[in-house]
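Some notes on the structure that comes next.
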Protein chains: 2
Amino acid sequence: MVSISVNRRSRVPLYYQIQQRLLKQITAGRLKTGDLLPSEQEISARLGISRMTARQALKSLCHLGVTYSRRGKGTFVSGIKLEKNFRQVQSFTEEMKARGLKPQARVLSFQTIPARGEVAEALKLPLGEPVVSLRRLRLADSWPMGIECSHLPARICPGILKAFNPRASLYQTLWKRYGILMAVAEEVVEVGRVSAEEARLLRTRPGSPVFQFTRTSYLQDGRPVEYVKSIYRGDRYKIVTRLTRLNCDFGTVRRA
Amino acid sequence: MVSISVNRRSRVPLYYQIQQRLLKQITAGRLKTGDLLPSEQEISARLGISRMTARQALKSLCHLGVTYSRRGKGTFVSGIKLEKNFRQVQSFTEEMKARGLKPQARVLSFQTIPARGEVAEALKLPLGEPVVSLRRLRLADSWPMGIECSHLPARICPGILKAFNPRASLYQTLWKRYGILMAVAEEVVEVGRVSAEEARLLRTRPGSPVFQFTRTSYLQDGRPVEYVKSIYRGDRYKIVTRLTRLNCDFGTVRRA
DNA sequence: AGATTTAAGTTGTCTATACAACCAGCGTCA
DNA sequence: TGACGCTGGTTGTATAGACAACTTAAATCT
């Protein structure tokens with residue numbers, strides 16, 4: 001059931017108010033997998049808004065992946081739970097919290113260095129350009145999980161060496177202090193074996209198998225802002241992803 | 001440059017014609033990263049269509065991730081290449097082709113077995129329900145890459161034991177013959193070591209590190225249709241993914 | 001010169017309407 | 001019984017117009 005009214009004076013768009021309301025009903029479990037959502041017609045009539053606005057609300061839910069529409073039938077709750085890691089760039093902090101673990105970090109080094117090699121290449125910086133490099137040991141519930149090394153162009157985050165609180169999330173700092181919001185990331189995952197130094201930090205045996213991550217994050221306009229290399233213990237870490245087919249547009253299946 | 005006209009008689013929606021046309025210009029490189037796309041106004045005027053239709057074409061490009069919009073400025077080509085594996089469920093065949101390698105498969109076994117254990121659980125089938133099980137050795141350019149074992153409820157694909165051509169893609173067969181289109185998948189990736197039998201098939205040494213994949217695919221309504229367990233040689237395989245932040249809706253950033 | 005206002009252009013939201021395509025169920029007819 | 005068509009309900013597509021919010025650059029004022 002959709003509640004009775006929308007707030008027309010609010011600066012929040014009508015369609016967004018409706019989307020949020022329906023989303024709550026789904027996440028709260030009042031609308032379950034396979035349930036039929038109110039039709040565009042019904043929403044528009046009940047709330048006294050136009051059908052196109054109601055439609056935009058429903059479409060935006062399809063876009064999020066929590067519903068799907070069928071012409072002639074209606075809009076239904078899909079079986080996919082909206083989880084935090086659903087198709088989303090996520091930091092270690094967010095990821096561990098989502099799994100119910102307490103994330104921690106121990107800073108191994110934090111300094112400005114000249115860009116070179118793969119770092120310069122990934123960040124599209126000329127050689128020697130200053131880069132902020134942050135190397136951290138990652139722990140979950142006090143167990144060492146991995147080693148993460150982030151690189152950022154120093155130009156985009158002046159003063160971060162002093163401003164950054166080692167206990168906070170790097171991403172939150174970048175967003176709140178510098179307005180940097182990473183929109184897209186490319187990630188390469190490989191399998192490797194730990195070196196002696198890494199094994200000591202991770203409290204495991206040299207040569208034991210690990211995940212090797214290489215991630216480059218970009219702004220919405222495609223400029224790279226972060227290059228991360230990390231390794232994670234293979235016996236303590238797994239990757240959970242949800243993938244979606246893209247041969248549909250706004251939920252409408254098109255056969256090429 | 002958008003070409004001069006659209007086909008109004010075609011059954012293909014106008015906005016989709018426009019979307020495809022713009023998409024081609026981007027993938028062909030005539031529109032490059034950061035380039036400004038024609039405005040909604042301009043498209044609608046030039047093609048003699050309504051602004052909302054032009055808007056839908058541009059929005060659908062944002063939705064695909066190839067462009068982004070800024071109020072007051074315009075719509076721009078984002079730095080993200082539209083690759084085949086972009087946020088998409090993909091078969092081994094499709095994946096290897098996208099990397100320029102020749103995919104092959106050698107069927108190790110293909111039979112109907114009763115569902116049990118993790119297979120029954122993942123496919124949400126009662127114990128003993130018939131399941132089609134296909135175990136294949138995967139090769140790329142004749143090099144053994146991994147071992148893949150698919151499980152499907154026998155009920156949804158009657159006669160597949162005879163109909164399936166071992167040289168074809170399983171997914172294409174399911175789509176063409178049974179109309180089965182997997183919409184969403186959950187995938188878990190872990191690190192492991194090969195057994196003696198697997199090592200023999202993969203021509204590697206027992207105990208060498210491998211990726212272990214566990215994937216469950218679903219229809220749009222959430223019913224599971226496939227459960228796959230596979231392993232891939234760690235020295236020959238890497239995972240490349242592109243991730244997107246979801247704190248935006250139709251490209252409009254909203255701070256919660 | 002510097003600050004402010006104005007204007008034009010762009011995307012974002014919303015309305016009201018129309019018709020097409022599709023689905024399910026019902027009734028009718030052979 | 002089975003085939004057919006009708007009908008009401010649903011989403012998909014398309015139109016025309018309006019105003020809001022934002023950006024940029026030019027024009028104006030101080």
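Each chain gets a letter, A, B and so on, in the order its sequence line appears, and its residues count up from 1.
Checking the phosphate oxygens (OP1, OP2) of dT11(D), a side-chain nitrogen or oxygen of Thr75(A) falls inside 4.0 Å. Taking only side-chain nitrogens and oxygens, Arg55(A) comes nearer than 4.0 Å to OP1 or OP2 of dG12(D). Dashed line: the shortest gap from a side-chain N or O of Thr53(B) to OP1 or OP2 of dT13(D) is not under 4.0 Å.
The distance between atom CZ of Arg8(B) and atom P of dA18(C), rounded to the nearest whole Å, is 18 Å. Going from atom CD of Gln17(A) over to atom P of dC14(C) covers 8 Å, rounded to whole Å. The CD1-P distance, from Ile49(A) to dC14(C), rounds to 8 Å in whole Å. Regarding His63(B), its NE2 atom lies at a distance of 19 Å from the P atom of dT11(C), rounded to whole Å. Between the NZ atom of Lys59(B) and the C1' atom of dT13(C) there is a distance of 12 Å, rounded to whole Å. For the pair Arg51(A) CZ and dG9(D) P, the interatomic distance rounds to 14 Å; values are reported in whole Å. We find that CG of Leu61(B) is positioned 15 Å from C1' of dT11(C), with the value rounded to whole Å. Rounded to an integer number of Å, the gap from Glu40(A) CD to dA18(C) P is 17 Å.
Checked against dT13(D), dT10(D), dC23(C), the side chain of Lys73(A) finds its nearest nucleotide in dC23(C). Distances from the side chain of Tyr15(B) to the nucleotides dT11(D), dT13(D), dT15(C) place dT13(D) closest. Side-chain proximity of Ser69(A) to dT11(D), dT11(C), dA14(D): nearest is dT11(D).
In this structure, Arg11(A) and Gly74(A) both approach DNA chain D, and ranking their closest nucleotides by distance from the 5' end singles out Gly74(A). For Leu58(A) and Met52(B), each mapped to the nucleotide of DNA chain D holding its nearest heavy atom, the one lying further toward the 5' end belongs to Leu58(A).
Contacts of Glu121(B) classified as side-chain hydrogen bond (donor to acceptor under 3.5 Å, both in side chains), with partners at least two apart in sequence or in another chain: none.
At a cut-off of 3.5 angstrom, counting only N and O atoms as typed in the model, there is no donor on one side facing an acceptor on the other between the side-chain of Arg71(A) and the base of dG9(D).
The backbone N or O of Pro153(A) lies less than 3.5 Å from no partner atom in the side chain of Glu129(A), so there is not a single donor-acceptor pair. Of the possible donor and acceptor atoms, none in the side chain of Glu226(A) sits under 3.5 Å from a partner among the backbone N and O of Ser150(A).
Tested against Leu23(A), the residues Leu31(A), Val66(A), Ile18(A) include a single side-chain contact (heavy atoms from CB on, under 4.5 Å) partner, Val66(A).
There is a side-chain donor-acceptor pair under 3.5 Å between Thr75(B) and Ser69(B).
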